[in-house]
Amino acid sequence: ATDLSNLNNIVTAKVESVIKHPNADKLSLCQINDGKETVLVVCGAPNVKSGQKVVFAKVGAILPGDFKIKKVKIRGEVSFGMICAEDELGISENHEGIMVLPEDTKIGLPISDVLNEKYAALELDITPNRPDTLSHYGIAREVALKTKRKLKFPKIKEITPVGTIEKV
């Protein structure tokens with residue numbers, strides 16, 4: 001399941017500037033504005049450009065897979081967070097570059113406010129040998145397992161026949 005509501009300290013931000021990292025060929029130094037402050041971030045994505053709206057994980061954020069964002073020194077430059085790709089958020093397996101948001105995206109918003117409506121989805125892989133999982137109960141069971149929730153059974157009312165059926 002892609003549920004972004006539990007991701008804290010991950011916000012929309014704007015890439016103010018991008019320059020080549022002085023000690024690495026494939027890294028960039030980016031000035032990131034999250035609406036409250038502008039910080040330096042070391043980024044290795046090939047598609048990062050000045051002016052982009054991006055997903056920014058601040059220091060202290062915890063990404064899916066229990067990956068904690070810390071202030072780190074990368075090749076001699078301090079990085080105060082991370083610009084995220086889709087796979088780092090658990091949205092997809094895409095890691096070709098950072099996730100670029102639409103130009104009209106406001107900065108400083110929690111990422112769940114921006115992306116949950118689009119990416120709040122659950123993907124179930126149903127194999128041909130398990131047709132039982134395609135029933136209402138089967139789907140509910142799979143969703144409960146995937147989201148680590150308890151499956152609740154509906155109360156079933158007993159139906160009594162109204163009349164009798166006669167053979168003709």
Side-chain angles (χ1 to χ4, degrees), residues 1-127 133-134 139-149:
T2 303
D3 180 14
L4 304 171
S5 61
N6 59 350
L7 298 178
N8 298 316
N9 290 329
I10 303 174
V11 298
T12 57
K14 182 178 181 182
V15 180
E16 296 289 347
S17 68
V18 177
I19 61 169
K20 186 180 172 310
H21 192 295
N23 303 319
D25 290 337
K26 295 185 179 182
L27 298 177
S28 300
L29 296 178
C30 305
Q31 291 285 336
I32 304 297
N33 180 350
D34 69 2
K36 292 182 181 173
E37 62 182 339
T38 300
V39 296
L40 185 69
V41 174
V42 176
C43 181
N47 66 326
V48 67
K49 292 183 181 116
S50 181
Q52 290 174 325
K53 302 289 179 72
V54 295
V55 177
F56 176 57
K58 298 179 177 189
V59 172
I62 300 174
L63 295 174
D66 209 27
F67 183 73
K68 189 175 240 178
I69 302 299
K70 300 175 185 172
K71 180 176 98 171
V72 294
K73 193 177 256 192
I74 301 173
R75 299 271 181 115
E77 297 291 337
V78 179
S79 183
F80 294 90
M82 183 172 88
I83 305 171
C84 300
E86 287 183 8
D87 67 329
E88 292 157 340
L89 297 170
I91 292 173
S92 76
E93 293 178 15
N94 182 1
H95 193 75
E96 292 176 15
I98 58 167
M99 183 174 188
V100 179
L101 301 172
E103 286 181 27
D104 62 347
T105 303
K106 291 181 181 176
I107 62 173
L109 298 174
I111 204 59
S112 59
D113 291 358
V114 177
L115 297 180
N116 242 4
E117 191 174 306
K118 181 175 180 180
Y119 290 103
L122 185 66
E123 185 175 320
L124 302 175
D125 294 326
I126 307 300
T127 56
T133 58
L134 294 174
I139 294 291
R141 186 181 62 227
E142 293 298 312
V143 169
L145 285 169
K146 199 103 163 155
T147 60
K148 296 179 176 90
R149 294 182 180 171

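One-based numbering along the sequence shown. Computation of the quantities below employed the complete heavy-atom set of this structure, encompassing side-chain atoms and omitting hydrogens, waters and symmetry-equivalent molecules. What you see is a predicted model; the values in this text were computed from it and never measured.
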Legend entry - Residue pairs fulfilling side-chain hydrogen bond (donor to acceptor under 3.5 Å, both in side chains) with at least one residue in residues 26-53, sequence neighbours excluded: E16-N33, D34-K58
Does a side-chain heavy-atom distance below 4.5 Å link [X] with [Y]?
X: L89; Y: L63; answer: yes
X: V78; Y: L40; answer: no
X: R75; Y: L27; answer: yes
X: I32; Y: V15; answer: yes

For [X] versus [Y], what's the shortest heavy-atom pair and its separation?
X: G97; Y: A85; value: O-CB, 3.2 Å
X: P22; Y: E77; value: CG-OE2, 3.6 Å
X: K14; Y: I107; value: N-CG2, 3.7 Å
X: A13; Y: F56; value: CB-CB, 3.7 Å
X: E88; Y: P64; value: O-CD, 3.3 Å

Please report the interatomic distance [atom1]([X]) to [atom2]([Y]), rounded to the nearest 0.5 Å.
X: I62; Y: K68; atom1: CD1; atom2: NZ; value: 5.0 Å
X: E96; Y: D87; atom1: CD; atom2: CG; value: 10.5 Å
X: D113; Y: T105; atom1: CG; atom2: OG1; value: 12.0 Å

Inset, instruction - Among V39, V42, L29, find the residue that satisfies the side-chain contact (heavy atoms from CB on, under 4.5 Å) test when tested with S79. - result: V42
Inset, instruction - Could you check I74, I83, V18 and say which one makes a side-chain contact (heavy atoms from CB on, under 4.5 Å) with C43? - result: I83
Inset, instruction - Taking T12 for its side chain and K106 for its backbone only, find out whether a donor-acceptor pair lies under 3.5 Å. - result: yes
